[in-house]
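Worksheet: one structure, shown below.
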Amino acid sequence: MAGSTKSLVKGSPAPGPVPDGSIRAYLMRFCPFAQRAKLVLVAKGIKHEVVFVNTLNKPDWFFEKSPFGLVPAIETSKGQLIYESAIVCDYLDEVFPGKKLTPEDPFQNAQQKMLLEHFSKIVAKLNTPYIGGSSVSMADYMMWPIFERFGIFGVEDCLDKTPHLHQWYQLMLKDPAVQATITKPEVLEGFFKLYLQGNPESVDYGI
């Protein structure tokens, strides 16, 4: 995820109130779960500000925003706090106007969730361009951050062995929200090398 502001660390002062008409997202630049929330924020055109948190050296006040110290978490101008990536994304889709990412039909919604639960087993059998149908939906954004990281784990060859998955991957690369949040492979690789060493500077790699 793009951003030139350094992550807040232990000892950093807590940010002030969220401005009216906006929402604040507490994220970590390289976290795939945080990227889910950012994808939904961008896809729906939600006015927001981002506070990056150093998850290897967390500010004490962050546990007041997210009790388990995990990202993403979001805060409204009313001081309402929501955390856990799937819950955050569903909340954003339900509360804010714009493109609806979750199917209105309960059965279709359940189908998408079942697909996510068993994605690796049945993806090759899908007969639609996107996971949930003919257009991008919440299910696609939930899965994308994992696939974006395929290259650094050396498993990108599996895309070539599954034509439908390869087609989906190429479509997602053209999606405006994906383009706005994608991280270059070399930056991801540099982050992971430092992160695996437990280096707290890893979360700001590349800025």
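Checked by atom type and distance alone, the side chain of Glu148 never pairs as donor or acceptor with a backbone atom of Ile182 at under 3.5 Å. A donor-acceptor distance shorter than 3.5 angstrom exists from the side chain of Lys100 to the backbone of Asp93, with no hydrogens or angles considered. Panel note: side chain Arg36, backbone Met142; a donor-acceptor pair is recorded below 3.5 Å. Under a 3.5 Å cut-off, the side chain of Asn54 and the backbone N or O of Ser7 do not form any donor-acceptor pair. Not a single donor-acceptor pair under 3.5 Å links the side chain of Trp61 to the backbone N or O of Pro15. Side-chain atoms of Lys44 come within 3.5 Å of backbone N or O of Lys99 as a donor-acceptor pair. Panel note: side chain Gln179, backbone Leu173; a donor-acceptor pair is recorded below 3.5 Å. Of the possible polar contacts, none joining the Thr162 side chain to the His164 backbone as a donor-acceptor pair under 3.5 Å is found.
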Check your understanding: What do the steps show when you test Tyr26 against Leu8 for side chain to side chain contact (heavy atoms under 4.5 Å, CB included), and what is the final call?
Key -> CA-CA 10 Å; Tyr26 297 95; Leu8 299 185; over 6 Å; no
Exercise for review: Carefully, step by step, assess Gln167 and Met172 under the rule side chain to side chain contact (heavy atoms under 4.5 Å, CB included).
Suggested key: CA-CA 9 Å; Gln167 180 186 21; Met172 290 300 291; over 6 Å; no
Exercise for review: Check the pair Tyr205, Asn199 against side chain to side chain donor-acceptor pair (under 3.5 Å), reporting the backbone distance first and the verdict last.
Suggested key: CA-CA 10 Å; Tyr205 183 84; Asn199 188 332; over 6 Å; no
Practice item. Begin from the C-alpha positions of Val50 and Lys38 and carry the test side chain to side chain contact (heavy atoms under 4.5 Å, CB included) through to its verdict. Key: CA-CA 9 Å; Val50 172; Lys38 183 65 175 177; 3.8 Å; yes
**Study point:** Full working for side chain to side chain contact (heavy atoms under 4.5 Å, CB included) between Tyr83 and Leu70
**Key:** CA-CA 8 Å; Tyr83 51 91; Leu70 302 175; over 6 Å; no
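Environment of OH in Tyr195: sparse, with no more than 12 heavy atoms of neighbouring residues, nucleotides or ligands closer than 6.0 Å.
With rounding to the nearest 0.5 Å, the separation of CD1 in Ile46 from CD1 in Ile23 is 6.5 Å. The CD atom of Gln80 lies 10.0 Å from the CD atom of Glu75; values are rounded to the nearest 0.5 Å. Atom CZ of Phe191 is separated from atom CE of Met28 by 4.0 Å, given to the nearest 0.5 angstrom. Rounding to the nearest 0.5 angstrom, the gap separating the OG1 atom in Thr181 from the OH atom in Tyr141 is 8.5 Å. In this structure, the separation between CD1 on Ile74 and OG on Ser66 is 11.5 Å, given to the nearest 0.5 Å. A distance of 10.0 Å separates OG1 in Thr76 from CG in Asp20, rounded to the nearest 0.5 Å.
Phe63 and Ile82 are assigned to two separate hydrophobic clusters, defined by single-linkage of ILVMFWY side chains at heavy-atom distances under 4.5 Å. Transitive grouping of hydrophobic side chains (ILVMFWY, heavy atoms separated by less than 4.5 Å) keeps Phe52 and Val42 in distinct clusters. Val40 and Val178 end up in the same hydrophobic cluster when Ile, Leu, Val, Met, Phe, Trp and Tyr side chains are linked at under 4.5 Å. Cluster annotation: Phe150 is connected to Trp144 through the hydrophobic network of ILVMFWY side chains, with a link wherever side-chain heavy atoms come within less than 4.5 Å. Following chains of ILVMFWY side-chain contacts shorter than 4.5 Å, one cannot reach Phe96 starting from Leu81, and the two form parts of different hydrophobic clusters.
Nearest approach of Ser137 to Leu101, heavy atoms of both residues: CB-O, 3.3 Å. Contact between Gly133 and Thr128 at its shortest, heavy atoms only, is O-CB, 3.4 Å. Closest approach of Ser77 to Pro19, counting heavy atoms only: CB-O, 3.5 Å. The two residues Ala177 and Leu39 have their closest heavy-atom pair at O-CD2, 3.5 Å. Val71 approaches Cys31 most closely through the heavy-atom pair CG2-SG, 3.9 Å. Across all their heavy atoms, Pro145 and Gln35 have their closest contact at CB-OE1, 3.5 Å.
Using a 4.5 Å cut-off on side-chain heavy atoms (C-beta onward), Pro72 and Leu27 make contact. The shortest side-chain heavy-atom distance between Arg29 and Ile207 falls under the 4.5 Å cut-off. The side-chain heavy atoms of Asp175 and Leu171, taken from C-beta on, include no pair separated by under 4.5 Å.
In summary, Glu201 and Lys6 engage in a salt bridge, as defined by a charged side-chain N under 4.0 Å from a carboxylate O.
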